[in-house]
Every structure is written in structure tokens, then in C-alpha cells.
*Asks:* 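Just passing along the structure, written as C-alpha cells.
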Amino acid sequence: MAKITTIIDIGSNSMRMVVLQKSSRFAFHLINETKSRVKISEGCYENGGNLQEIPMNRAFNSLKSFLNISKSLKAKKVICVATSALRDAPNSKVFLSRVKKDLGLNIKVINGEKEAYYGGVAAVNLLHNNEFVTVDIGGGSTEFCFVKEGKIEKSISLDIGTVRLKELFFDKNNINGAKEYIKKSLEKIFELEIEIPSVVVGIGGSIRAISKAIMKSIDYPLDVLHGFTYEVSKNKKLINLIIESKDSDKLKDLGIKKDRFDTIKEGTFIFNTILEELKTKKVITSGVGVREGVYLCDILRNSNHRFPSNFNVSVRSLLDRFETDGNQSAYYGNNATKIFEALKPLHNLEDRYKTLLVIASKLHSIGTTLNYYKVNDNTFNFILNGLNYDFLHSSRVIVAHIIKFSKKSLPTRKDMEIYKDLLPSFETMQWLSFMISLNLTINQDFSKPKVQYLLEDELLTIKTPEYSFIVESSLDKLELPKNLEIKLVC
């Protein structure tokens with residue numbers, strides 16, 4: 001697999017490109033993302049599905065620019081896939097031949113089931129969930145991929161895209177016809193005779209736009225779409241307001257951006273009908289989809305399209321690029337586990353907090369790559385925006401706060417105010433803050449000492465192989481959680 005790879009996805013409404021760079025065997029990060037609303041399917045559904053000249057020219061010119069970007073970024077591999085518009089169009093070969101002849105690019109037209117599968121591969125590897133159905137609303141079709149216990153069970157594509165329904169129904173003000181058409185199409189899902197999850201992973205521009213509007217309406221503290229989760233019942237009113245909006249001013253007031261005005265009502269109508277028919281309770285927003293699925297199928301082709309167990313691409317990617325010493329990071333991770341286990345009779349925290357403490361301990365020093373001073377603040381901001389994949393929003397915020405408050409003093413309630421809805425209890429955060437601070441203090445001289453932690457009643461005895469004045473003096477300054485005492489012995 002090339003170190004830098006470009007993936008282009010030609011959809012009915014938008015053409016999108018991502019350029020991804022590998023940092024180690026399975027780890028990667030995004031170095032470019034470009035989108036162009038070429039609307040290649042514009043006018044085709046009223047013309048026997050045939051692609052029209054003007055939209056094809058827009059798509060061709062955008063592809064030319066995409067390839068210029070890819071070349072400038074030194075991508076060694078380019079994979080281009082096309083979905084509903086080109087697979088449905090009787091005259092698609094006209095466009096495909098022109099692109100191959102003039103641009104030297106082979107476009108792979110994928111069927112609907114494969115498109116759905118790619119979305120499922122992206123979601124199952126890059127979102128923190130094991131049972132869901134992906135819903136990917138595009139311009140010409142909507143794809144569904146059913147995942148149970150972390151495995152893809154079934155993929156299916158239905159012809160209910162935003163551009164298709166806009167031209168066939170909404171432009172003719174036939175709302176009831178659109179509703180019946182969607183419901184009739186969804187019957188194919190029930191014919192699969194599989195269990196339908198109550199959780200939907202939403203993929204595509206329309207669904208992301210809805211999530212942005214919901215985040216705005218509740219003053220959500222974290223400005224990150226990927227992994228944003230909401231209950232359908234609590235946001236039904238806002239969804240209906242988008243559908244019923246009479247003009248662009250109303251859509252803007254609801255938090256919809258201008259580039260979504262043309263199809264957002266249709267997209268929301270389709271999504272709302274799907275949620276109703278599938279009896280969905282919760283939606284998880286996905287910032288990844290077909291493009292990332294294509295890439296993952298390539299790099300994971302010998303691993304059944306799944307990352308190894310206990311592998312997190314975000315953590316590995318950050319460590320690959322920004323850790324100052326891999327041995328030190330590993331030591332902090334191991335020492336965090338020892339401290340957590342020793343103090344468990346006092347803090348009584350679930351093991352998931354141990355995992356987050358270990359991650360925070362390993363990632364603590366990456367901010368020094370940016371600037372040594374205020375390293376905690378640097379890392380805090382970096383983590384909030386850098387743990388892109390396979391993290392709950394709450395987990396991302398907890399890791400960032402553990403690092404931010406790895407200081408002599410414990411965090412106060414005021415320190416947690418902004419993100420309080422995504423953080424655990426005040427006492428939990430104080431314990432996590434203390435444990436990472438203790439971890440960093442023990443290894444201040446980077447000697448990686450073999451330490452024993454022994455808890456008896458409320459006294460933690462810390463046995464080190466040799467005396468260190470700098471460690472002893474720093475331990476004396478640590479603010480301790482309630483009912484805890486510490487003693488250093490050699």
C-alpha cells in the first residue's frame with residue numbers, strides 16, 4: 001500500500017476526495033479533503049437516467065482539479081469509485097471514456113451493495129459501536145449496511161436519493177407520492193428477515209447537516225461531528241422544522257449552511273421516514289463513509305477488513321507522528337495500569353477509565369512537539385480535535401481533561417464546567433487527574449523506575465529502586481484525593 005493514497009468518490013450530488021497518509025502499518029491520517037458539488041446526475045432522472053452534458057463537464061473539470069491536488073501532495077496511488085448516477089446512466093461510458101482518455105484515470109463503477117459495504121467497513125472500524133445499521137443518503141440512492149457484534153451481516157441499496165426524489169416528486173409538489181415511494185422501497189429491507197438494530201449510523205451530507213443543526217440547538221460543547229449521538233425522540237421537533245421550512249432564511253436560522261439549501265429538505269424527509277419505518281431510537285453521526293471504506297478495504301485486505309483487536313488508529317497515528325520517545329510512552333502506559341489497579345479499592349472506578357488513563361498517559365507528551373511551554377494546554381486542544389476515530393465524544397473529552405489537569409493541584413468544579421455534560425463525576429475526574437500526576441511524577445528523570453504500589457487501608461506505599469530527591473519533593477506537593485495518604489520508600 002502506498003504511503004500517500006488518494007480516494008475519490010463520485011456521487012450523484014457531490015464529488016469528494018480524501019488524501020490519506022500512512023504513518024505505520026495500519027495507522028493513517030488525513031492530509032487533504034476536497035469537495036465539489038458537481039451534481040452529475042442533475043436532469044438525468046427526467047431524461048431516462050442519461051447524464052447531461054453540462055453536469056458531465058462540471059464533473060470532468062472537478063476531477064482534473066482533484067488530480068492536480070493529488071499530484072501536488074505526491075500521492076502514489078489514486079482510487080476513484082462512482083456510485084448511483086454512473087451505474088444507472090445508460091450513457092455513462094461517454095463520461096468514463098473521456099476521463100480515461102484525457103485524464104488517464106480509471107473510474108470503478110461500484111454496485112449498490114458494494115457501496116453500502118464500504119460504508120459499513122468505515123463505520124465498524126472507525127466508530128465506537130458494535131451493533132447498528134448504516135444509512136447513507138446520497139443523491140441517487142440510499143445504502144444500508146447491517147452490523148451485529150462487530151460483523152457486517154448484510155448490505156443493500158435502495159433508489160431513494162435526494163436528487164432522484166426531488167426531480168420525481170418534490171419539484172412536482174407530490175409529497176404523499178414521495179412518502180409512499182420511500183415506504184414501498186423500504187419493504188425490501190424487511191424482506192431480508194434480519195433483526196433491525198435500534199441504532200442508526202448516519203452517513204452523508206444531509207444527515208451531517210441535521211446533526212449540526214441539533215448540536216446548535218442544544219449548545220453542544222464539542223465542535224466535532226464524527227461520533228455525535230442523539231436520541232431521535234428528543235429531536236423530532238427540529239427534524240420536522242427542517243422539513244417544513246418555507247425559505248432559506250428559516251433553514252439558516254436552524255443552523256443549515258447555504259450549500260445544503262438545495263436538497264436538505266428532501267434529505268431530511270427521506271431520513272425521517274427511514275427512522276420512523278425502522279423504529280430507530282438513536283442516531284450516531286459518522287464523519288466517514290465510502291471513501292474511508294475503500295481505503296480500509298485496501299490496507300486491511302489481509303485482515304478481513306478489520307483492525308486488529310485493541311488497536312486504535314487515532315492513538316497510534318498521534319504516537320507515530322508526535323511522541324518524543326516510544327519507550328517512555330510505553331512506560332507511562334504500563335505504570336498507569338499499576339497505579340489504577342493499586343488504588344482500585346479506594347476509587348472503585350470501572351475498567352473503562354483505566355483504558356482512558358492509559359491512553360492519556362501515553363499521549364501526554366505529544367504537545368511538546370508543538371511547544372514545550374504550556375504542554376498540557378497544547379495537548380488538551382490537540383486531543384479534542386485529534387482523536388478522530390473509534391472514540392466516544394465523552395471518552396475524547398475525558399482523555400483531554402485527564403491530560404490538562406495532570407498537575408500538582410486537582411481540578412475544581414469550575415474547571416469542568418464547559419464540558420460537564422460529557423464528563424463523569426467530579427470525584428472521578430479528581431482521581432484520574434491524581435493518578436496521571438502521580439505517574440508523571442514517578443518518572444520525572446525519565447529513568448523508567450520499576451516501582452511497586454502497595455495499598456493498606458488508605459495509605460499508598462510507593463517502593464522505588466533508589467532514592468530520588470526530585471521525586472520525593474514533587475510528591476510532597478501533589479494534592480491528594482480525599483482519604484488518601486502516600487509514603488515513598490526505597
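Numbers for residues simply follow the sequence, beginning at 1. Treat the numbers as computed from the prediction; the structure is a model and nothing was measured.
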*Asks:* Where do Phe28 and Ser317 come nearest, in terms of heavy atoms and distance?
*Replies:*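 Where Phe28 meets Ser317 most closely, the heavy atoms are O-OG, 3.4 Å.
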
*Asks:* For Ala360, does its backbone N or O pair with a side-chain atom of His364 as donor and acceptor, under 3.5 Å?
*Replies:*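 Not confirmed, His364 side chain does not pair with Ala360 backbone.
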
*Asks:* Would you indicate whether the side-chain heavy atoms of Lys154 and Phe144 approach each other to under 4.5 Å?
*Replies:*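 Side chain of Phe144 against side chain of Lys154, heavy atoms only: no contact under 4.5 Å found.
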
*Asks:* Go through the side-chain N and O atoms of Arg321 and Ser23 and say whether any donor and acceptor fall under 3.5 Å apart.
*Replies:*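 There is no such pair (donor and acceptor under 3.5 Å, judged by atom type) between the side chains of Arg321 and Ser23.
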
*Asks:* If you round to the nearest 0.5 Å, how far is CD1 of Ile383 from CZ of Arg396?
*Replies:*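 Reported value, rounded in 0.5 Å steps: 9.5 Å.
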
*Asks:* Given side-chain contact (heavy atoms from CB on, under 4.5 Å), test Lys404 with Asp377 step by step and report yes or no.
*Replies:* CA-CA 6 Å; Lys404 185 173 185 177; Asp377 291 334; 3.7 Å; yes

*Asks:* What's the shortest heavy-atom distance between Lys265 and Ser245, and which atoms?
*Replies:*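 Here Lys265 and Ser245 meet closest at NZ-O, 2.5 Å.
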
*Asks:* Are the side chain of Thr369 and the backbone N or O of Phe322 linked by a donor-acceptor pair below 3.5 Å?
*Replies:*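 Between the backbone of Phe322 and the side chain of Thr369 there is a qualifying donor-acceptor contact (under 3.5 Å).
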
*Asks:* Can a salt bridge be assigned to the pair Lys344 and Glu350 using a cut-off of 4.0 Å between side-chain N and carboxylate O?
*Replies:*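 Not counted as a salt bridge, because no side-chain N and carboxylate O are separated by less than 4.0 Å.
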
*Asks:* Verify the distance criterion only: is there a donor paired with an acceptor across the side chains of Ser62 and Ser65 at less than 3.5 Å?
*Replies:*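 On atom types as modelled, these side chains do not qualify, holding no pair under 3.5 Å.
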
*Asks:* As an exercise, state the distance from CZ of Arg301 to CD1 of Ile299, rounded to the nearest 0.5 Å.
*Replies:*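 Here the rounded value is 9.0 Å.
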
*Asks:* Hey, mind stepping through Phe382 and Asn378 against side-chain contact (heavy atoms from CB on, under 4.5 Å) and telling me if it holds?
*Replies:* CA-CA 6 Å; Phe382 209 51; Asn378 293 337; over 6 Å; no

*Asks:* Please answer whether the main-chain N or O of Glu131 pairs with a side-chain N or O of Asn129 as donor and acceptor at a distance below 3.5 Å.
*Replies:*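 Yes, Asn129 side chain to Glu131 backbone: donor-acceptor pair under 3.5 Å.
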
*Asks:* Using a strict 4.0 Å threshold on nitrogen-to-oxygen distance, state whether Lys77 and Asp298 make a salt bridge.
*Replies:*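 Yes, charged N to carboxylate O under 4.0 Å.
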
*Asks:* Would you check if Ser303 and Phe26 make a side-chain contact, meaning some heavy-atom pair closer than 4.5 Å?
*Replies:*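 They are in contact (side-chain heavy atoms under 4.5 Å apart), so the answer is yes.
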
*Asks:* Nearest 0.5 Å please: distance from the CG atom of Asn439 over to the CD1 atom of Ile339.
*Replies:*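 CD1 of Ile339 is found 4.5 Å from CG of Asn439.
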
*Asks:* Could you check whether Tyr331 and Asp325, counting side-chain N and O atoms only, form a donor-acceptor pair closer than 3.5 Å?
*Replies:*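 Checked: Asp325/Tyr331 side chains show no N/O donor-acceptor pair below 3.5 Å.
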
*Asks:* Start with the C-alpha distance between Asp136 and Thr134, add both sets of side-chain angles, then the distance that settles side-chain hydrogen bond (donor to acceptor under 3.5 Å, both in side chains), and finish with yes or no.
*Replies:* CA-CA 6 Å; Asp136 185 355; Thr134 62; over 6 Å; no

*Asks:* Taking the basic N atoms (NZ, or NE/NH1/NH2) and the acidic carboxylate oxygens, is any pair closer than 4.0 Å for Lys477 and Glu472?
*Replies:*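 Between Glu472 and Lys477 there is no salt bridge, as every charged N stays at least 4.0 Å from the carboxylate O atoms.
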
*Asks:* Do any N or O atoms from the side chain of Lys281 and from the backbone of Val232 form a donor-acceptor pair under 3.5 angstrom?
*Replies:*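 Looks like no, no N/O pair under 3.5 Å.
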
*Asks:* Which heavy atom of Phe228 sits nearest a heavy atom of Ile214, and at what distance?
*Replies:*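 Result for this residue pair: CZ-CG2, 3.9 Å.
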
*Asks:* Could you check if a side-chain atom of Val18 sits within less than 4.5 angstrom of a side-chain atom of Thr6, using non-hydrogen atoms only?
*Replies:*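 Of all side-chain heavy-atom pairs linking Thr6 with Val18, none is under 4.5 Å.
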
*Asks:* Quick one: do Arg306 and Asn125 satisfy side-chain contact (heavy atoms from CB on, under 4.5 Å)? Show the steps, please.
*Replies:* CA-CA 6 Å; Arg306 284 301 308 267; Asn125 279 289; 3.4 Å; yes

*Asks:* Glu417 and salt bridge (Lys or Arg N to Asp or Glu O under 4.0 Å): which partner among Lys420, Lys414, Arg413?
*Replies:*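 Among Lys420, Lys414, Arg413, the one that satisfies the salt bridge (Lys or Arg N to Asp or Glu O under 4.0 Å) with Glu417 is Lys420.
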
*Asks:* For the residue pair Glu466 / Thr464, report whether a side-chain donor-acceptor contact shorter than 3.5 Å exists.
*Replies:*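 Glu466 and Thr464 do not have a side-chain donor-acceptor pair below 3.5 Å.
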
*Asks:* Would a 4.5 Å heavy-atom cut-off, applied to side chains only, mark Asp421 and Pro221 as touching?
*Replies:*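 Counting from C-beta outward, Asp421 and Pro221 never come under 4.5 Å.
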
*Asks:* Sub-3.5 Å donor-acceptor pair from the side chain of Glu33 to the main-chain atoms of Val19, do we have one?
*Replies:*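 The answer is no, because no donor-acceptor pair under 3.5 Å joins these two groups.
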
*Asks:* Would you say Thr379's side chain and Gly367's backbone share a donor-acceptor pair under 3.5 angstrom?
*Replies:*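 Yes; at least one donor-acceptor contact below 3.5 Å.
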
*Asks:* Taking the side chain as every heavy atom from C-beta outward, state whether Leu343 and Trp431 have any pair of such atoms under 4.5 Å apart.
*Replies:*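 A side-chain contact exists here, since the closest heavy-atom pair is under 4.5 Å.
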
*Asks:* Donor-acceptor check, side chain of Lys216 to backbone of Asp253, threshold 3.5 angstrom: yes or no?
*Replies:*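 Yes.
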
*Asks:* Consider ring-ring contact (aromatic ring centres under 6.0 Å, His included). Of Tyr353, Phe434, Phe340, which one does His347 pass it with?
*Replies:*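 With His347 as partner, Tyr353, Phe434, Phe340 yield a single ring-ring contact (aromatic ring centres under 6.0 Å, His included), made by Phe340.
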
*Asks:* Begin from the C-alpha positions of Gln430 and Phe405 and carry the test side-chain contact (heavy atoms from CB on, under 4.5 Å) through to its verdict.
*Replies:* CA-CA 9 Å; Gln430 286 209 322; Phe405 299 114; over 6 Å; no

*Asks:* About how many Å separate CD1 of Ile284 and OG1 of Thr229, when rounded to the nearest 0.5 Å?
*Replies:*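 Between atom OG1 of Thr229 and atom CD1 of Ile284 there are 4.5 Å.
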
*Asks:* Working to the nearest 0.5 angstrom, can you tell me the gap between Leu357 CG and Ile398 CD1?
*Replies:*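 Here the rounded value is 11.5 Å.
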
*Asks:* Less than 4.5 Å apart, side chain to side chain, heavy atoms only: is that true for Leu460 and Leu484?
*Replies:*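 Result yes, sub-4.5 Å side-chain heavy-atom pair found.
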
*Asks:* Do NZ/NE/NH1/NH2 and the carboxylate oxygens of Lys35 and Asp259 come within less than 4.0 Å?
*Replies:*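 Salt bridge flag = yes for Asp259 with Lys35.
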
*Asks:* Ignoring hydrogens and geometry beyond distance, is a side-chain donor-acceptor pair present between Thr34 and Asn32 at under 3.5 Å?
*Replies:*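 The criterion, which ignores hydrogens and geometry beyond distance, is satisfied for Asn32 and Thr34.
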
*Asks:* Is the number of heavy atoms from other residues, nucleotides or ligands under 6.0 Å of Asp445 CG greater than 12?
*Replies:*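 Above 12, so yes.
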
*Asks:* Taking the side chain as every heavy atom from C-beta outward, state whether Thr285 and His226 have any pair of such atoms under 4.5 Å apart.
*Replies:*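 Side-chain contact under 4.5 Å: no.
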
*Asks:* Report the C-alpha separation of Lys22 and Asp320 in whole Å, then their side-chain angles, then the decisive distance to 0.1 Å, and conclude whether the salt bridge (charged side-chain N to carboxylate O under 4.0 Å, His left out) test is met.
*Replies:* CA-CA 10 Å; Lys22 288 187 72 175; Asp320 286 345; over 6 Å; no

*Asks:* Given the rule in the salt bridge (charged side-chain N to carboxylate O under 4.0 Å, His left out) test, do Glu276 and Lys236 qualify, once you have shown the distances and angles that lead to the verdict?
*Replies:* CA-CA 10 Å; Glu276 289 176 348; Lys236 198 74 171 172; 3.3 Å; yes

*Asks:* State plainly whether the residues Glu195 and Lys148 are in salt-bridge range, i.e. N to O under 4.0 Å.
*Replies:*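 Between Lys148 and Glu195 there is a salt bridge, with a charged N closer than 4.0 Å to a carboxylate O.
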
*Asks:* Taking all non-hydrogen atoms of both residues into account, name the closest pair between Lys212 and Leu225 and its distance.
*Replies:*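 For Lys212 and Leu225, the tightest heavy-atom pair comes out as CE-CD1, 3.2 Å.
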
*Asks:* Using a strict 4.0 Å threshold on nitrogen-to-oxygen distance, state whether Asp9 and Arg16 make a salt bridge.
*Replies:*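 Salt bridge between Asp9 and Arg16, a charged N being under 4.0 Å from a carboxylate O: no.
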
*Asks:* Under a 4.0 Å N-O cut-off, is there an ion pair linking Lys151 with Glu149?
*Replies:*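 Not counted as a salt bridge, because no side-chain N and carboxylate O are separated by less than 4.0 Å.
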
*Asks:* Closest heavy-atom contact between Ser437 and Leu478?
*Replies:*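 So the two residues come closest at CB-CD2, 3.9 Å.
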
*Asks:* For the CZ atom on Phe469, are there more than 12 heavy atoms of other groups (residues, nucleotides or ligands in this structure) within a distance under 6.0 Å?
*Replies:*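 No, not enclosed.
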
*Asks:* Do Ile4 and Lys76 touch side chain to side chain, with heavy atoms closer than 4.5 Å?
*Replies:*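 Answer no - side chains too far apart.
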
*Asks:* Out of curiosity, Ile366 CD1 to Ser329 OG, how far, rounded to the nearest 0.5 Å?
*Replies:*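 It is 9.0 Å, given to the nearest 0.5 Å.
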
*Asks:* Looking just at side-chain N and O atoms, do Tyr220 and His393 make a donor-acceptor pair shorter than 3.5 Å?
*Replies:*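 Yes, His393 and Tyr220 have a side-chain donor paired with an acceptor closer than 3.5 Å.
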
*Asks:* Would you name the heavy atoms of Ile203 and Val288 that are closest together and state the gap between them?
*Replies:*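 Here Ile203 and Val288 meet closest at CG2-O, 3.7 Å.
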
*Asks:* Do the side-chain N and O atoms of Asn376 and Ser406 include a donor-acceptor pair separated by under 3.5 angstrom?
*Replies:*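 Per modelled atom types, Asn376 and Ser406 side chains form a pair under 3.5 Å.
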
*Asks:* We want to know whether Asp476 and Ser473 form a side-chain donor-acceptor pair, criterion being a heavy-atom distance below 3.5 angstrom.
*Replies:*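 No donor-acceptor contact under 3.5 Å links the two side chains.
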
*Asks:* Between Lys407 and Glu479, does any side-chain N to carboxylate O distance fall below 4.0 Å?
*Replies:*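 Judged by the 4.0 Å cut-off on N to carboxylate O distance, Lys407 and Glu479 do not form a salt bridge.
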
*Asks:* If only side-chain N and O atoms count, and only distance matters, is there a donor-acceptor pair under 3.5 Å linking Ser155 with Glu113?
*Replies:*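 Looking only at side-chain atoms, Ser155 and Glu113 do not form any donor-acceptor pair under 3.5 Å.
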
